[in-house]
There are 2 protein chains.
Amino acid sequence: MAEEIAGLGDPIRTLELMWGRAPAPKRGPKSRLSVAELVAAAVAIADAEGIGAVSTRRVAEAVGISPMSFYTHIPDKAVLLDLMLDAVATGQAGEPTTPDFHPANWRANVTLVARSFRSFYLAHPWALQIGTHRPVLGPNTIRAYDNFLSVFDGLGLSEVEMDLCVILVANYVHGAVRDVVRAKMVKAQTGMSDDEWWYTIEPFLQTMDFSPYPVASRVGAVVGELYGLGDHDLAFDFGLERILDGLERLIEGKAATPPGAATVDGKPPSA
Amino acid sequence: MAEEIAGLGDPIRTLELMWGRAPAPKRGPKSRLSVAELVAAAVAIADAEGIGAVSTRRVAEAVGISPMSFYTHIPDKAVLLDLMLDAVATGQAGEPTTPDFHPANWRANVTLVARSFRSFYLAHPWALQIGTHRPVLGPNTIRAYDNFLSVFDGLGLSEVEMDLCVILVANYVHGAVRDVVRAKMVKAQTGMSDDEWWYTIEPFLQTMDFSPYPVASRVGAVVGELYGLGDHDLAFDFGLERILDGLERLIEGKAATPPGAATVDGKPPSA
DNA sequence: CCCAATCCTGTACACTGTAAAGAGTTATTT
DNA sequence: AAATAACTCTTTACAGTGTACAGGATTGGG
């Protein structure tokens with residue numbers, strides 16, 4: 001398995017493809033396929049078999065062209081990955097652009113987008129494995145960003161603070177969902193669940209001396225007994241709640257402070 | 001780049017290698033190399049050229065054995081990746097196991113471990129690209145976990161809560177450092193900085209209609225003008241500060257509540 | 001008509017992880 | 001001492017990857 005770094009191709013060409021702005025060819029045969037068909041086929045493969053199964057040959061075969069014809073439509077695999085990411089980004093299909101936000105309850109709104117972001121990763125786990133080299137500035141991605149930002153709008157935060165809040169929550173969700181996705185993928189590939197794995201290694205762990213790690217062994221014992229390898233849903237909600245508390249202090253500080261006194265990092269001027 | 005999923009090999013064998021507990025071979029020629037030498041060579045390659053440059057052949061060549069001899073020492077590449085992760089985990093070498101924690105200032109302590117965790121990823125960016133299938137239960141990794149946990153010890157938190165706090169902060173750091181690392185890697189591979197990339201695509205962006213994304217375009221304009229693609233250090237500190245505020249509410253609540261009253265999962269601690 | 005642009009294809013190369021089989025070395029058993 | 005089992009290391013081989021290159025087929029503009 002390799003690294004899957006996307007976006008090393010010509011940035012302009014990538015953007016043109018993503019926005020459907022590629023200049024229409026004047027001469028030559030009409031192509032039998034659209035870029036969208038290739039991307040859809042690639043996404044289908046990734047959803048079904050993981051990103052590792054997505055190769056240029058596989059995608060070409062899926063749409064019924066020869067391996068090298070792929071490169072007629074998409075410059076290289078990195079661009080394909082960018083296109084895939086934007087294709088599945090929340091905001092298209094049946095999903096409403098702006099779901100039912102509570103006007104006066106920003107905590108509920110943030111929880112909503114965080115959960116929806118989490119659901120996105122659970123639906124397309126391979127998205128976690130793609131390391132985009134540059135931000136994917138496609139229409140769907142930007143719509144998702146817009147949607148995410150809007151839950152922090154009108155709360156007295158500066159634009160920079162709004163951006164930082166989105167980054168904070170997005171980073172947290174990304175990190176939190178990684179473990180769940182990993183466990184699922186490994187289970188699918190090996191047939192061994194986290195629990196089975198744990199029981200397999202447990203006898204070995206018994207033979208070892210954990211006294212150099214006092215806190216870890218104490219906590220690990222309690223946590224392991226209660227949840228095995230950990231309850232991912234519980235961990236997600238716990239972390240999100242802490243982040244919401246942290247944001248609340250920032251936002252309440254803003255409400256109590258006249259606009260203009262705002263500082264970039266959002267520290268409430270503790271009088 | 002591909003997925004680099006680690007840990008699909010025999011779990012016990014992996015643990016034995018990681019803890020140096022492999023039963024010493026009784027017959028046969030002495031091997032000229034130790035597993036540690038192979039792992040060190042792999043880490044050196046990854047540090048210098050990225051995880052993509054780490055192949056079993058490259059590692060074998062680096063230590064002066066034939067390609068297939070690699071498999072005499074390490075079952076497969078997935079195990080190598082696990083060994084690499086534990087080899088670089090914080091806690092070994094000259095680093096003190098427990099740096100100078102302030103006894104009464106947990107915020108400073110959390111900030112310290114968070115920054116140190118961040119430094120780790122910046123020193124070994126390839127660690128971000130490895131998706132471990134199972135937790136890496138090596139000595140260095142556990143020591144790092146122990147160290148991380150200890151900053152939440154003695155604050156009135158339950159064991160489960162301590163674990164969840166570590167997960168929260170670790171997830172956040174992981175997510176936050178991703179962008180910095182990505183930018184660095186792309187710059188190294190393409191010679192194009194984020195700023196140069198931005199200037200390249202800017203003319204294209206000018207031709208587009210962003211009115212469907214009102215909040216994003218407003219925020220993007222301000223943020224882009226101030227920081228280009230974003231100030232990663234600023235974003236890191238901002239997010240960490242919010243998280244610390246959130247943790248503070250939890251911890252202060254604990255201090256005001258007699259132990260045994262309530263825990264996050266509702267289960268009372270053994271009291 | 002001619003030619004340039006474009007789509008599609010087959011061949012080829014260097015690279016990957018690793019299966020399989022064997023050669024050489026060593027310690028234990030007979 | 002001889003046989004054997006265990007071990008290290010090697011060569012060969014295979015199926016897969018991304019994609020460079022060269023050419024054939026088709027289309028529209030001059």
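Chain letters run A, B, ... following the sequence lines, proteins first and then strands; every chain starts at 1.
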Base, sugar-phosphate, or nothing for A:Thr56, non-hydrogen atoms under 4.0 angstrom?
-> base
Side chains of A:Thr141 and A:Met18 in contact at under 4.5 Å (non-hydrogen atoms) = no
With a 3.5 Å cut-off and no angle check, do the side chains of B:Tyr145 and B:Asn140 form a donor-acceptor pair?
-> no
Specify the separation, in whole Å, of atom CD1 of B:Ile65 and atom P of D:dT10.
-> 7 Å
Kindly compute the distance separating CD (B:Glu37) from CZ (B:Arg32), expressed to the nearest 0.5 Å.
-> 11.5 Å
Aromatic plane relationship, A:Phe117 with A:Phe120 - under 30° parallel, 30 to 60° tilted, over 60° perpendicular = parallel
In whole angstroms, how far is the P atom of C:dA20 from the OH atom of B:Tyr71?
-> 13 Å
Give me the distances for all protein-to-nucleotides 11-15 of chain D N/O pairs that come in under 3.5 Å?
residue, atom, partner, partner atom, Å
D:dA13, N6, B:Arg57, NH2, 3.4

Whole Å only: how far is the NZ atom of B:Lys77 from the C1' atom of D:dT17?
-> 12 Å
Name the nucleic acid region contacted by A:Ser55, choosing base, sugar-phosphate or nothing; use a 4.0 angstrom heavy-atom cut-off, strictly under.
-> sugar-phosphate
Ignoring backbone atoms, establish whether A:Arg32 has a side-chain N or O less than 4.0 Å from OP1 or OP2 of C:dC8.
-> yes
Hey, does the side chain of B:His73 come within less than 4.0 Å of D:dC9's phosphate (OP1/OP2), counting only N and O?
-> yes
Could you write out each protein N or O paired with an N or O of nucleotides 24-27 of chain C at a distance under 3.5 Å?
residue, atom, partner, partner atom, Å
C:dT26, O2, B:Gly28, N, 3.4

A:Asp233 and A:Arg118 ion-paired at < 4.0 Å | yes
Euclidean distance, B:Leu17 CG relative to B:Ile74 CD1, rounded to 0.5 Å = 7.0 Å
Distance, rounded to the nearest Å, where B:Glu49 contributes CD and C:dT16 contributes P | 11 Å
Using a heavy-atom cut-off of under 4.0 Å over every strand shown, decide if A:Ser31 touches base, sugar-phosphate, or nothing.
-> sugar-phosphate
Write down the distance between CZ (A:Phe70) and C1' (D:dT17), rounded to a whole number of angstrom.
-> 13 Å
B:Arg13 versus B:Val79: any side-chain heavy-atom pair under 4.5 Å?
-> no
Taking the side chain as every heavy atom from C-beta outward, state whether A:Pro139 and A:Asp86 have any pair of such atoms under 4.5 Å apart.
-> yes
Look at the rings of B:Trp19 and A:Tyr213 and say which category their plane angle falls in: under 30° parallel, 30 to 60° tilted, over 60° perpendicular.
-> perpendicular
Take the protein atom CD of A:Glu61 and the nucleotide atom C1' of C:dT9, then report the distance between them rounded to whole Å.
-> 16 Å
